[in-house]
Amino acid sequence: MVFLKRAGLYCIRQRFKTLILFLVLTLIASLILTGIAIRDAVSGAAKNVKAAVGGTIELNLDHEGHMGAGEQNAWGTSYSYNGDLISKEIIDAIEKVEGVADYNSENTGSYYGAGVDFQYLPASLGLSYTKYGEASSYTATLSSEKCRSFQNGNYQLVAGRHITPKDRYVCMLSKELADYNQLSVGDKVRMYSLDSDSETMFELVGIFDGTEGTDGNALTVDEIPANCGYIDYAAVEDIFKYLKEESGYQQLTIYVKDPMQIQTVYDQIAALPELKGKTLKLTINTEAVDTISAPLESLQKSVHTTMILIFVVSIVVLTLLLTIWIRERKNEIAILLSIGNSKINIISQIFMESLFVAVISFASSIPLSISIAGKVGAYIISRASMELAEFKVQIDTSSLLPFYLIGVSLIAVSVLASSWTIVRLQPKEILTKMS
């Protein structure tokens, strides 16, 4: 192991070159370690998102082949669903399935209400087909917090609370509509339904935003998102109880405890006797996960590409630097070869020279990387289009092993590439080139 001694003596003797190599390797190491930390943070955030949101199981009405013969009216032919609804019996059975965490139902446009004591944001046509003007659409739900627009972040609760399964005759309105009518949480609003020819009083329990700037050139008031709100399902069932032969839900979203077991839970629900022969269809929906994970997956690809770029550029820079220095050592290499040292022995010496410096550089890069990682993490959170509450870029022990492996591999490739042009020659050829 004489080459180890020669490598150590060379580093001590060539202090200026050693210092330059230390600075270059420290910079490279800091970039690599920061990249690994960011990669791990993004990967962890993606797993947390999938665990928190998971996939959902959807139970919907199967309209195909169950829409009746059609009835003629003033507007043409109308069809109505004549199949099964999602009954309380079915929900009770699903709730008992192992792995089911919760459920929710939301039915867009299940109630159209005209404002008796409040006004909607005006639309272009300005229709007035009820004695109180035009009606707008409301989504009936068991739990508004679990509705798609709140789950995907389009809407956010800004005042009051969400609708819960225990509520009766409550509503949620957009901030735009509430401000337009000077309404606040706790106020009562009265609506008229043309379908049931009845007036209903609702308590305003929550106000949400996210509808700003989405009215466009709406022709009718229900085409303006700010005019569309949420009401509890119990109120809808009560209002239309005289118009329906049976009660039930048109849609059910089922949440599982462990997203990894969603297929197992799906199979158990599909096998329930309460669903046999029903005109209902069961599907697995990963839309929420896909929507939220898309920015993280894009960030993962960017980080992966950046790390490859850093690795390639680092090899090029280090190879060029070592090549220049090795060419200055032609005489030394020729003498070592002439006295019987093998080419492997000489390459090993050059490798160990770089490795000795790298050990100090790797250790020095850790505190520098911690500082850089913190700033990069804060920047990513500030520019992220989604909530990353648990996203934190940090250097831990799990990042060090891949860091060392990448660093040593980088040095090995650079040393081989830079030394090959010299050591592939015979001593006589090297001395001839020198002259």
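We number each residue from 1, following the sequence as shown. From a predicted model like this one, the values you see are computed outputs, not experimental measurements.
For Glu106 (side chain) and Arg148 (main-chain N/O), a donor-acceptor pair under 3.5 Å exists by modelled atom type. Remark: side-chain polar atoms of Asp232 are paired, donor with acceptor, to backbone N or O of Val170 under 3.5 angstrom. A distance-only check finds no donor-acceptor pair linking the side chain of Ser193 to the backbone of Ser198 [under 3.5 Å]. Distance alone, capped at 3.5 Å, places no donor-acceptor pair between the Tyr120 side chain and the Cys228 backbone. Using a distance-only test at 3.5 Å, with no hydrogens or angles considered, no donor-acceptor pair links the side chain of Thr319 to the main chain of Val316. For the pair Thr141 (side chain) and Ser105 (backbone), a donor-acceptor distance under 3.5 Å is present. The main-chain N or O of Thr164 is found under 3.5 Å from a side-chain atom of Asp167 such that the two form a donor-acceptor pair. Looking only at distances, a side-chain donor or acceptor of Ser174 sits under 3.5 Å from a matching main-chain atom of Ala226. Judged purely by atom type and a 3.5 angstrom limit, Glu223 has no side-chain atom pairing as donor or acceptor with the backbone of Val221. Between the side chain of Tyr249 and the backbone N or O of Ile91, no donor-acceptor pair lies under 3.5 Å.
The side-chain heavy atoms of Val313 and Leu309, taken from C-beta on, include a pair separated by under 4.5 Å. You'll find the side chain of Asp84 stays beyond 4.5 Å of the side chain of Leu61, heavy atoms only. By the 4.5 Å heavy-atom criterion applied to side chains, Glu58 and Gln251 are counted as neighbours. Looking only at side-chain heavy atoms (C-beta outward), Tyr103 and Glu95 come within less than 4.5 Å of each other. Ile57 has its side chain out of reach of Thr283: every pair of non-hydrogen atoms, C-beta onward, lies at least 4.5 Å apart. No side-chain heavy atom of Thr139 sits under 4.5 Å from any side-chain heavy atom of Asn107. Side chains of Asp195 and Phe240 form a contact here, defined as non-hydrogen atoms less than 4.5 Å apart. Residues Met191 and Thr200 are not in side-chain contact: their nearest non-hydrogen atoms beyond the backbone lie 4.5 Å or more apart.
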Requested in this report: Evaluate side-chain contact (heavy atoms from CB on, under 4.5 Å) for Val158 paired with Phe208, printing each intermediate quantity in order.
Outcome: CA-CA 5 Å; Val158 293; Phe208 60 91; 5.6 Å; no
Query - Worked check of ring-ring contact (aromatic ring centres under 6.0 Å, His included) between Tyr112 and Tyr138 - result: CA-CA 6 Å; Tyr112 277 80; Tyr138 288 82; 8.5 Å; no
**Report entry** Leu252 and Asn104: CA distance, side-chain angles, deciding distance, side-chain contact (heavy atoms from CB on, under 4.5 Å) verdict
**Finding:** CA-CA 6 Å; Leu252 192 72; Asn104 183 46; over 6 Å; no
Report task. Evaluate the side-chain contact (heavy atoms from CB on, under 4.5 Å) criterion for residues Ile163 and Met172: first the C-alpha distance (whole Å), next the side-chain angles of each, then the deciding distance (0.1 Å), finally the verdict. Result -> CA-CA 8 Å; Ile163 296 172; Met172 292 179 65; 3.8 Å; yes
Query - CA sep, side-chain torsions, deciding dist, call: Ile284, Gln263, side-chain contact (heavy atoms from CB on, under 4.5 Å) - result: CA-CA 8 Å; Ile284 295 177; Gln263 185 63 52; 3.4 Å; yes
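Under 4.0 Å is where a charged nitrogen must lie from a carboxylate oxygen, and between Asp92 and Lys96 no such pair does. No salt bridge links Asp117 with Lys188; every basic N to acidic carboxylate O contact stays at or beyond 4.0 Å.
Atoms CG and CG, from Leu183 and Leu204 in turn, are 6.5 Å apart once rounded to the nearest 0.5 Å. Atom CD1 in Ile28 sits 10.0 Å away from atom CD1 in Ile310 (nearest 0.5 Å). Note: Leu59 CG to Ile90 CD1 = 6.5 Å, rounded to the nearest 0.5 Å. The CG atom of Asp222 lies 8.5 Å from the CG atom of Asn227; values are rounded to the nearest 0.5 Å. Atom CD of Glu134 sits about 11.5 Å away from atom CG of Leu194, to the nearest 0.5 Å. Here the CD1 atom belonging to Ile262 is positioned 11.0 Å from the CG atom belonging to Asp267, to the nearest 0.5 angstrom.
Using a 30° and 60° split on the angle between ring planes, Phe150 and Tyr230 fall in the tilted class, from 30° to 60°. Relative ring orientation between Phe202 and Tyr111 is described as perpendicular, the plane-to-plane angle rising above 60° on a 0-90° scale split at 30° and 60°.
Exactly one of Asp102, Thr253, Thr56 qualifies for a side-chain hydrogen bond (donor to acceptor under 3.5 Å, both in side chains) with Lys146. That residue is Asp102. Looking at Ile207, Thr211, Asp209 one by one, the single match for side-chain contact (heavy atoms from CB on, under 4.5 Å) with Glu176 turns out to be Thr211.
Annotation for Ala123 and Thr220: closest pair CB-C, 3.3 Å, computed over non-hydrogen atoms. Here the closest non-hydrogen pair linking Gln119 and Leu177 is O-CD1, 3.4 Å. The two residues Val189 and Cys171 make their nearest non-hydrogen contact at CG2-SG, 3.7 Å. Closest non-hydrogen pair, Ile224 versus Ala218, comes out as CG1-CB, 3.4 Å. Of all heavy-atom pairs spanning Glu199 and Arg190, the tightest one is OE1-CD, 3.2 Å. Scanning both residues, Ala271 and Lys276, for their nearest heavy atoms gives O-CE, 4.0 Å.
A cation-pi arrangement is found for Lys131 relative to Tyr192, the charged atom lying closer than 6.0 Å to the ring centre and inside a 45° cone about the ring normal.
Around CZ of Phe16, the count of heavy atoms belonging to other residues, nucleotides or ligands within 6.0 Å does not exceed 12.
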